[in-house]
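Reading through the structure tokens given below for one structure.
Everything quoted here is computed from the prediction, not taken from an experiment. Every chain is numbered from 1, with letters handed out A, B, ... down the list of sequences.
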Number of protein chains: 2
Amino acid sequence: MAQNTASKVNETSRSAVGRDGVLDIAARLFREQGYGSVSLRKIAEAAGIKAGSIYYHFGSKDEIVAAVLDAGIQVVHESMRDAVTALPADADGETVLRAAIRAHLRALLDVSDYTSANVRIFGQVPQSVRDANLPTRRAYEAEWDSLLSRLQEDGALKQDVDIRRLRLMLIGALNATLDWFDPDRGSADALSRTYADVFLNGILQRQDT
Amino acid sequence: MAQNTASKVNETSRSAVGRDGVLDIAARLFREQGYGSVSLRKIAEAAGIKAGSIYYHFGSKDEIVAAVLDAGIQVVHESMRDAVTALPADADGETVLRAAIRAHLRALLDVSDYTSANVRIFGQVPQSVRDANLPTRRAYEAEWDSLLSRLQEDGALKQDVDIRRLRLMLIGALNATLDWFDPDRGSADALSRTYADVFLNGILQRQDT
DNA sequence: GTCTATACTCCGATAGAC
DNA sequence: GTCTATCGGAGTATAGAC
């Protein structure tokens with residue numbers, strides 16, 4: 001986010017932040033403190049402006065939150081899709097799934113305040129804001145369902161697992177890392193390997209060695 | 001919770017709720033609506049009393065939330081420990097783990113507004129309230145670590161998985177069901193079986209059939 | 001134990017000057 | 001684009017009657 005619109009940069013006022021800057025700051029605060037604890041006054045203070053000035057850029061607090069939520073899904077969606085697309089066309093199912101898991105965790109834990117803010121505050125925002133975010137979410141969920149279905153049809157995944165439920169389990173497990181992930185105890189990439197190991201092969205010691 | 005203290009029941013005022021009743025209602029509202037959306041006025045209204053009357057039973061809103069959070073962990077802790085203790089002494093690792101998973105999901109999804117409220121609002125409450133809940137949480141986490149370590153020492157679990165990380169992954173995955181679980185699509189017990197299947201054996205189609 | 005009444009704080013939002 | 005000033009509402013909490 002906050003990619004500079006290089007056009008029409010010659011304006012009179014040189015705000016240190018601008019609309020995208022306010023969004024960046026809001027996303028960071030929402031990720032750090034949750035929805036209820038972040039007031040427009042806090043956002044404004046962190047942005048170096050006054051609360052009333054926020055309304056030049058946004059019509060309401062809901063509008064800010066909605067923008068943060070949508071961007072959060074878009075970032076992780078593109079991250080996941082790009083990671084899978086970048087693989088060789090003949091990559092096997094395990095490789096594909098590992099890449100998707102790594103991309104999701106990277107966006108969530110390393111890259112994006114927007115994605116982590118979305119995961120953290122989605123359950124705290126007003127119903128109308130949640131509803132507005134749903135189409136974007138559905139698209140990302142469909143991407144996962146499509147990927148998992150393909151792997152199952154190729155015979156890489158067990159036939160008896162329901163795709164929707166598997167996606168809910170997988171994304172839910174990955175998103176839960178936000179509550180305890182500590183980069184000092186290991187990178188997001190290393191964590192993604194552990195998740196892939198567990199989901200792919202389980203934790204039971206197998207007798208057939 | 002709200003177990004009636006059968007002693008000294010002969011009092012003058014016959015409140016329909018009492019302290020435990022207020023707690024029950026608060027837990028349900030927190031589970032349904034989250035922390036920020038539930039005011040003392042809402043709790044009082046649901047309890048059939050006025051907001052000011054809450055302060056006869058509790059010193060502050062934080063005190064209510066803290067009581068709900070502690071009870072939530074205690075319920076799921078006892079549920080899990082009882083389920084494991086009730087097994088035959090010679091139950092194998094897989095059986096033990098399945099029982100623990102089922103007990104956790106039952107408490108979360110079927111039985112207790114306190115447990116579900118805890119999972120839902122823990123990340124939304126003031127830091128001081130979170131801190132107050134930590135000892136109770138640590139005890140439950142230690143119960144899981146003890147169980148998982150025992151299974152690993154018995155050779156039931158793979159040797160290369162870190163117990164703490166495994167516990168975080170497992171509890172996180174189970175708790176995440178709260179966001180999407182729908183009893184119309186299958187029972188909590190059935191869901192617990194799917195989680196056990198995935199965590200124990202993974203989702204990869206195995207060639208050694 | 002519950003009521004009414006109220007103090008105090010903070011919030012989202014608006015109006016108008018610059 | 002940002003400022004100051006302010007409105008109306010809702011929140012937690014307290015005091016004192018019953």
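Nucleotides of DNA chain D nearest to B:Lys61 and A:Ala51 differ in position, and the one nearer the 5' end is that of A:Ala51. Where A:Ser37 and A:Gly52 meet DNA chain C, the nucleotide closest to each residue was compared, and A:Ser37 sits on the side nearer the 5' end.
In this model, the phosphate group of D:dA10 is not approached by any side-chain N or O of B:Ser39 to a distance below 4.0 Å at OP1 or OP2. Taking only side-chain nitrogens and oxygens, A:Ser53 never comes nearer than 4.0 Å to OP1 or OP2 of D:dG1. Look at A:Lys50 and you won't find any side-chain N or O under 4.0 angstrom from OP1 or OP2 of D:dC3. Residue A:Tyr55 has a polar side-chain atom (N or O) positioned under 4.0 Å from OP1 or OP2 of C:dA13.
A straight line from CG of B:Leu40 to P of D:dA10 spans 15 Å, rounded to a whole angstrom. Across the protein-nucleic acid pair, B:Glu45 atom CD and C:dC3 atom P stand 12 Å apart, rounded to whole Å. As rounded to whole Å, 14 Å separates atom P of C:dT14 from atom CD1 of A:Ile54. When rounded to the nearest whole Å, the span between CD1 of A:Ile49 and P of D:dT4 equals 12 Å. Atom CD1 in A:Ile43 sits roughly 12 Å away from atom C1' in C:dC11 (whole-Å rounding). The distance from atom CZ of A:Phe58 to atom P of C:dA13 is 13 Å, rounded to the nearest whole Å. Atom CD1 of A:Ile64 is separated from atom C1' of C:dA13 by 12 Å (rounded to the nearest Å).
Ion pairing between a basic and an acidic side chain is recognised when a charged N comes within 4.0 Å of a carboxylate O; A:Arg164 and A:Asp145 show no such pairing. The residues B:Glu94 and B:Arg98 are annotated as salt-bridged, a charged nitrogen and a carboxylate oxygen being separated by less than 4.0 angstrom.
Using cut-offs of 30° and 60° on the angle between ring planes, the pair B:His77 and B:Tyr140 is tilted.
Exactly one of B:Val198, B:Leu170, B:Leu166, B:Asn201 qualifies for a side-chain contact (heavy atoms from CB on, under 4.5 Å) with A:Ile203. That residue is B:Leu166.
Among the nucleotides D:dA13, C:dC11, D:dG1, the one closest to the side chain of A:Arg41 is C:dC11. Comparing C:dG12, D:dA13, C:dG1 by their nearest atom to the side chain of B:Ser60 picks out D:dA13.
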* **Chi angles and distances behind the side chain to side chain contact (heavy atoms under 4.5 Å, CB included) call for B:Glu63, B:Ser60** => CA-CA 5 Å; B:Glu63 193 178 313; B:Ser60 69; 3.8 Å; yes

